[in-house]
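So the structure is just underneath, and the comments pick up after that.
Below, each value reflects all heavy atoms present in this structure, side chains not excepted, and no hydrogens, waters or symmetry copies.
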Amino acid sequence: MAHLVLVETTPTAGFKVVSEAVALGHEVTFVAHSLDPYLAAEGGEEALKIPTRLLTGVPTTDPDALLDVIGTLHRKHPVHGVLALSEGHLPATAQVAEAFGLPFESAAVMRRLRDKHAVRELLGAAGVPQPAFRRALTVAEAVAAAGELGYPVVVKPSDGFGSLHVGVANDAAEVAALAEAIAGTRSYGRGVAGSGVALLEAYVPGPVVSCEMVTVDGVSTPYGCVDRMLAPAPHPVELGGCFPAELADDVREAVVRVCADALAAVGVRRAHTHTEVVLGPDGPQIIEINGRLIGGYVPTMINYVLERNIYHDVVELALGGSPSPAPVRGVGCIRAITAPASGVLAGIGADAARQAPGTAEVMLHARPGQEVRPARNNFDRLGFLITTAATAAEARKAAEEAHDLVQVTVGAS
């Protein structure tokens, strides 16, 4: 039995990796700034019954504070591996791993991946296909950069995640509005600071997919691709997708090759990665690289069609092992549940969706009484449903039919 320390994860599926690590016979300590985001999800209170050590009130983005907390823990309960599945907490966790000589991607690489502009420059130097881009420190610079790139443009925070303040702008006014929101965001919650720097990218038309990989000793191996159902512009929120994506063999091979080249260009040596790609007119181009497992409830969807639980691979990698992707059987599809209008959530009726043909699971993480709105970022999603089938078309059809059975009631604010 090993002792694994998990430093934050995705709030919507926060305890999934904890329960899997415990099921494998490991001791787990969960370190968090606060448990509130995790308890908001359906079944959150039940998750607290998992035999796990909880350390809360910890500044989990502060490497010195985190090192102090884990150092104290290590003296009493020796730590064999650390893990983080939250974008903003990876650099501090990596620094702790380096201090203790534990298996993890380097802190330098994890810091690099938090700076999308730095990643763009490295990809450009390596000749990896990507959209044209500019960095903007002010609203005026953002508007000028958009004029240089040509409309439409994608505007996003250089250090953001969860689609916060990401949008497709068609004119200077829309660019200015997004840039102002980015400049005013100096905290993403859970201790994650924002720089206020905007990244502008030429808009590349085409479907978006992600390539899920594990890299060991610099060799990147794919699990497969996830396709993307995006909300319409100007807020391209991820509403769902299927795994494995239904792609022609040559397209899949091109995506895997481009993503592996991108990971090598930024120096990834040991990590699960989630790389987003647009299948543009000239071939696949890198949208962004994330140095962690794909987020939210998507790993659960993937697990329904993998012959090995992907969280087991995450645990194995954190403890120094060399996992390799398992074969796939069938296709899974995930579909987000969103609010039809802005207001106060009165209730979500999902029983009929749970009983629908092909439905594997439904998970809600919104509670009656909270303010909701049609999705403008990933945090506006109210829950997810997962379906499985023999083909992507069948899994997607089942997901849409189950989604139509969900009743979301919104009252006036």
Side-chain angles (χ1 to χ4, degrees), residues 1-41 43-111 114 189-193 216 269-272 291-293 299 309-323:
M1 181 177 76
H3 180 199
L4 179 67
V5 175
L6 174 62
V7 182
E8 303 283 5
T9 177
T10 55
T12 53
F15 287 93
K16 289 282 187 180
V17 68
V18 174
S19 61
E20 292 299 336
V22 170
L24 290 170
H26 300 305
E27 177 186 2
V28 179
T29 298
F30 184 50
V31 183
H33 181 75
S34 169
L35 288 180
D36 290 345
Y38 305 100
L39 298 181
E45 292 87 351
E46 287 297 313
L48 290 181
K49 298 178 182 178
I50 301 170
T52 307
R53 184 182 296 106
L54 297 173
L55 298 178
T56 60
V58 180
T60 44
T61 57
D62 181 337
D64 293 330
L66 194 58
L67 183 61
D68 183 58
V69 168
I70 295 179
T72 300
L73 174 69
H74 181 66
R75 287 190 285 274
K76 297 179 181 178
H77 309 278
V79 176
H80 304 101
V82 294
L83 177 62
L85 296 180
S86 169
E87 197 84 21
H89 300 89
L90 288 167
T93 305
Q95 198 162 326
V96 169
E98 284 186 354
F100 284 100
L102 298 172
F104 208 86
E105 183 55 80
S106 75
V109 168
M110 286 307 186
R111 285 192 296 269
R114 288 287 295 132
R190 293 196 290 169
V192 182
V216 181
R269 299 286 302 171
R270 183 180 186 84
H272 278 89
R292 41 92 181 151
L293 187 68
N309 190 308
I310 197 169
Y311 284 125
H312 293 185
D313 289 355
V314 171
V315 171
E316 182 179 341
L317 190 71
L319 294 175
S322 302

Any pair counted as side-chain hydrogen bond (donor to acceptor under 3.5 Å, both in side chains), so long as it reaches residues 58-67, sequence neighbours left out: Glu8-Thr60, Thr60-His89
Side-chain donor/acceptor of Arg270 to backbone N/O of Leu317, under 3.5 Å: yes
Check: Tyr38 side chain, Thr9 main-chain N or O, donor-acceptor pair, under 3.5 Å: yes
Distance-minimising heavy-atom pair for Pro11 and Pro37: CB-O, 3.7 Å
Any side-chain heavy-atom pair of Glu20 and Val314 under 4.5 Å: no
Donor-acceptor contact present, side-chain His80 to main-chain His3, <3.5 Å: yes
Side-chain touch Leu90/Phe104, heavy atoms, less than 4.5 angstrom: yes
Sole residue of Arg292, Met110, His272 in side-chain contact (heavy atoms from CB on, under 4.5 Å) with Glu105: Met110
Check against side-chain contact (heavy atoms from CB on, under 4.5 Å), Leu6 and Phe15: CA-CA 10 Å; Leu6 174 62; Phe15 287 93; over 6 Å; no
Which atom of Gly291 lies closest to which atom of Ala271, heavy atoms considered: O-CB, 4.5 Å
Distance, nearest 0.5 Å, that separates OG of Ser86 from CG of Leu293: 12.5 Å
Pairwise distance CG(Leu35) to CG(Leu54) - rounded to 0.5 angstrom: 5.5 Å
Test log, rule side-chain contact (heavy atoms from CB on, under 4.5 Å), inputs Val315 and His26: CA-CA 9 Å; Val315 171; His26 300 305; 3.7 Å; yes
Side chain to side chain, Val7 and Ile70, heavy atoms closer than 4.5 Å: yes
Nearest atoms (heavy-atom pairs only) where Val216 meets Ser322: CG1-OG, 3.6 Å
Which atom of Val96 lies closest to which atom of Pro63, heavy atoms considered: CG2-O, 4.2 Å
Pairing residues for His74 by the ring-ring contact (aromatic ring centres under 6.0 Å, His included) criterion, not counting sequence neighbours: Phe100
Gap between atom NZ of Lys16 and atom CD1 of Ile310 - 0.5 Å precision: 14.0 Å
Heavy-atom pair of closest approach, residues Thr10 and Leu85: CG2-O, 3.8 Å
Test item: Pro91 and Arg114 side chains (from C-beta on) under 4.5 Å apart, heavy atoms: yes
Non-hydrogen atoms of Ser19 and Ile50 that approach each other most closely: CB-CD1, 3.7 Å
Straight-line distance of Asp68 CG to Leu73 CG, nearest 0.5 Å: 11.5 Å
